[in-house]
Amino acid sequence: MLLHLRVTAPADLTESVCQTLCRHDWITNVTLQRGVVLEPAGDLVEADVAREKAGPVIRELTRLGLRERGGIVVTSPTGTPFDAADRFERAAPVHPYDAVIWESVEAAAEAGAVPTVSFHVFLVLAVVLAAVAVITDSAVLVIGAMVVGPEFSAIAATCAGLLLGRWGLVGRGLRLLVLSFLLAIVVVTLLAVLARATGLVTLEEVVRERPNTGFIWHPDRWSFIVALVAGAAGALALAIEKTATMVGVFISVTTVPAAGNLALGLAFLDGGEIRGSLAQLGLNVAGMIIAGTLVLVVMRLWWTPITVASERLFRRLS
């Protein structure tokens, strides 16, 4: 599997860029177009690189000064039907899908910590769904609320910031997490107060036995264990860019349902519901941050040796 590099460079750096790309035997299809870049003025260099080697190449190009004076764009081709691509994949010490491009991890983490309007709207809608799930005791709606909730991107940003020593990123991730949940809980609490005043929702519906959804405000050791496992899975999915796996993380941890239950508890001033929901929410967030950070640390230090050894074993067995 290859990645495509599109590099824009000022004329005085073009030769160094071409030398960097041409001296590696896991880079192919290097092309140069001089003077075609209008803003900022310069040259365009493109190449295809083996995915598992993209990180070192990007770091080499960055050291040339392209971050400040040019540009580096990385894209994934939809298909690479030529022999060199197959040769790169066979020669790779690890499977391309196991490769970690830390520059992409950092970029994804930065994007996940941005407080967009859509992020807040999705979280509010997710907490509304969670509150309705509590009222109707619907496990299906609980799952729907988990899927809609976007909060894991802020948790992932916090984990990546801790790994990389980017304390500003850690602060932005935690701030987005806290403020977005606070906003969603306040909005849903106000809606629940209105529903209570109009008789749409009663106290009995909130505090009654709920066999399908009672777990979301009764934290126990398994709640923390599930949060640890989900945080680990989410961090792994972030590192190797498996977005489908991250959806599974969204539907395994009860952060959003706990927030919905908390909003109802506040609207009806039920101390037990409030305390239980806060504990569940805190345990889940803490567990995911701890496990996610630890997984990223392990991947940063030992992922390549682990994957190389595993790949060799799989090849021998096959």
Side-chain angles (χ1 to χ4, degrees), residues 102-131 145-191 216-217 219 223-224 226-228 230-239 241 243 246-247 249-263 265-266 274-275 277-297 300:
W102 290 104
E103 290 77 10
S104 296
V105 173
E106 185 174 358
E110 287 283 0
V114 176
T116 61
V117 173
S118 59
F119 183 98
H120 292 292
V121 171
F122 272 121
L123 189 57
V124 168
L125 294 175
V127 176
V128 169
L129 280 175
M146 294 176 182
V147 173
V148 173
E151 75 280 1
F152 190 79
S153 66
I155 293 173
T158 303
C159 296
L162 289 169
L163 166 73
L164 300 170
R166 295 278 307 282
W167 306 115
L169 178 58
V170 174
R172 290 193 297 276
L174 290 176
R175 183 166 60 247
L176 175 59
L177 194 64
V178 172
L179 294 181
S180 61
F181 265 113
L182 183 61
L183 173 64
I185 290 168
V186 168
V187 170
V188 178
T189 299
L190 293 176
L191 292 175
I216 66 178
W217 67 282
S223 300
F224 190 65
V226 168
L228 290 173
L236 177 60
L238 170 72
E241 301 179 20
T243 54
M246 292 185 72
V247 174
V249 176
F250 299 157
I251 62 174
S252 63
V253 184
T254 55
T255 47
V256 167
N261 200 77
L262 175 59
L266 290 170
I274 294 172
R275 289 189 297 272
S277 300
L278 279 173
Q280 183 76 280
L281 183 58
L283 278 175
N284 285 326
V285 171
M288 285 192 287
I289 290 176
I290 292 170
T293 303
L294 289 176
V295 165
L296 290 178
V297 168
R300 183 77 163 186

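Heavy-atom basis, side chains included; hydrogens, waters and symmetry copies ignored.
- In terms of heavy-atom proximity, P219 sits nearest to A279 at CG-CB, 3.7 Å.
- To the nearest 0.5 Å, the span separating NE2 on H120 from CG on L176 amounts to 5.5 Å.
- Looking at Q280 and S223, their side chains do bring a donor and an acceptor atom within 3.5 Å of each other.
- Taken from CG in L294 to CG in L163, the straight-line distance is 10.5 Å, to the nearest 0.5 Å.
- Minimum heavy-atom separation, G292 to A235: O-CB, 3.4 Å.
- For the pair L123/P150, a side-chain contact is recorded, criterion being any heavy-atom separation below 4.5 Å from C-beta on.
- Contact check for M288 versus T255: side-chain heavy atoms found under the 4.5 Å cut-off.
- Of the possible polar contacts, none joining the T293 side chain to the I290 backbone as a donor-acceptor pair under 3.5 Å is found.
- Between S153 and G112, the closest heavy-atom pair is OG-O, 3.4 Å.
- Across P257 and A130, no two heavy atoms sit closer than the pair CA-CB, 3.6 Å.
- Under the 4.5 Å side-chain criterion, counting only non-hydrogen atoms from C-beta, L262 is not in contact with F181.
- Note that CZ of R275 is 9.0 Å distant from CH2 of W217, once rounded to the nearest 0.5 Å.
- Counted within 6.0 Å of CZ on F122, heavy atoms from surrounding residues, nucleotides or ligands total 12 or fewer; the atom is thus considered open.
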Please lay out, stage by stage, how I289 and L174 fare under the test side chain to side chain contact (heavy atoms under 4.5 Å, CB included).
CA-CA 10 Å; I289 290 176; L174 290 176; 4.0 Å; yes

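- Counting only heavy atoms from C-beta outward, the side chains of I155 and C159 approach each other to under 4.5 Å.
- R175 contributes atom CZ, which lies 10.5 Å from atom OG1 of T158 (distance to the nearest 0.5 angstrom).
- In this structure, the separation between CG on L162 and CG on L296 is 9.5 Å, given to the nearest 0.5 Å.
- Here CG of L169 is found 5.0 Å from CD of E110. Values are rounded to the nearest 0.5 Å.
- Taking 4.5 Å as the limit, some side-chain heavy atom of R300 sits within range of a side-chain heavy atom of L164.
- Scanning all heavy atoms of the two residues, the minimum distance from L238 to A156 falls at CD2-CB, 3.8 Å.
- The two residues A131 and V188 come nearest to each other via the heavy atoms CB-CG1, 3.9 Å.
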Please lay out, stage by stage, how N284 and F224 fare under the test side chain to side chain contact (heavy atoms under 4.5 Å, CB included).
CA-CA 6 Å; N284 285 326; F224 190 65; over 6 Å; no

